[in-house]
Amino acid sequence: TAGTGFDALTHAVESFTSRWATPFTTALSREAVRLITQNIYTAYDTGRVRASREYMMLASLMAGIALANAGAGAVHALAHPVGVRYGIPHGVACGILLPYIVRFNLAVAHDAYADLAAASAMVPLTADKDEAARKFVVYLEKLRDKLGLPAKLSEAGLKEADITEIADEALLSRSLSANPRRVTRVDLLTILQENL
Ligand SMILES: [Fe+2]
């Protein structure tokens with residue numbers, strides 16, 4: 001529940017800030033983020049609450065439609081080579097990486113993250129955008145901890161000796177070109193170093 005929930009949340013967040021997002025996809029992404037943030041913990045903690053699972057399923061579909069039309073971002077570019085190499089469930093890899101990438105993107109996408117924070121009632125609609133964007137990242141980090149996911153990829157198997165190969169594989173990903181902030185090889189290596 002934690003892994004697939006975080007995968008759906010990552011689809012919603014990455015499609016929202018994708019370079020190829022459209023008004024059609026951002027509406028789906030924003031509502032998916034709102035539904036997931038309101039239901040993911042209950043679905044995880046009390047699996048038998050059917051309404052929470054139903055909203056997670058609906059949000060996953062909406063985020064999936066947005067993802068299929070707008071693309072993803074740097075989380076997915078890194079999650080694939082990392083997941084395949086160490087057998088980390090895809091959603092777990094996404095859940096670990098998402099806060100790192102949102103922090104990396106903050107400089108260029110803070111209005112978008114502020115929008116998601118306000119839509120999900122993490123801050124009042126009148127909140128300062130910088131503060132709202134920062135609260136969104138902190139929310140993702142706390143959610144990762146509450147759902148029992150590791151705070152770093154090294155806790156799931158990442159080895160320092162592999163990071164250059166992983167960065168090179170991530171550079172070939174189509175998802176990387178959708179990321180709102182341009183990502184260089186050095187940026188990928190820095191993000192992977194932070195995960196050791
Ligand atoms: Fe995914």
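Atoms within each ligand, like the ligands themselves, are counted from 1 in listed order. The basis for the numbers below is simple: all heavy atoms, side chains too, and nothing from hydrogens, waters or symmetry mates.
Here CZ of Arg144 is found 7.5 Å from CZ of Phe6. Values are rounded to the nearest 0.5 Å.
Checked against the Fe ion (ligand 1), the N, O or S atom of His90 at the shortest distance is NE2. If you look at Asp7 and ask which of its N, O or S atoms sits nearest the Fe ion (ligand 1), the answer is OD1.
Note on Ile166: it clusters hydrophobically with Leu196, by side-chain heavy-atom contacts below 4.5 Å among ILVMFWY residues.
With 2.8 Å as the limit, Cys94 does not count as an N, O or S neighbour of the Fe ion (ligand 1).
Between His76 and His80, the ring planes lie perpendicular to each other; the angle is over 60°, past the 30° to 60° tilted range.
Rounding to the nearest 10°, we obtain 100° for the angle at the Fe ion (ligand 1) between His11 NE2 and His76 NE2.
Judged purely by distance below 3.5 Å, without hydrogens or angles, the side chains of Asp187 and Thr190 never pair a donor atom with an acceptor atom.
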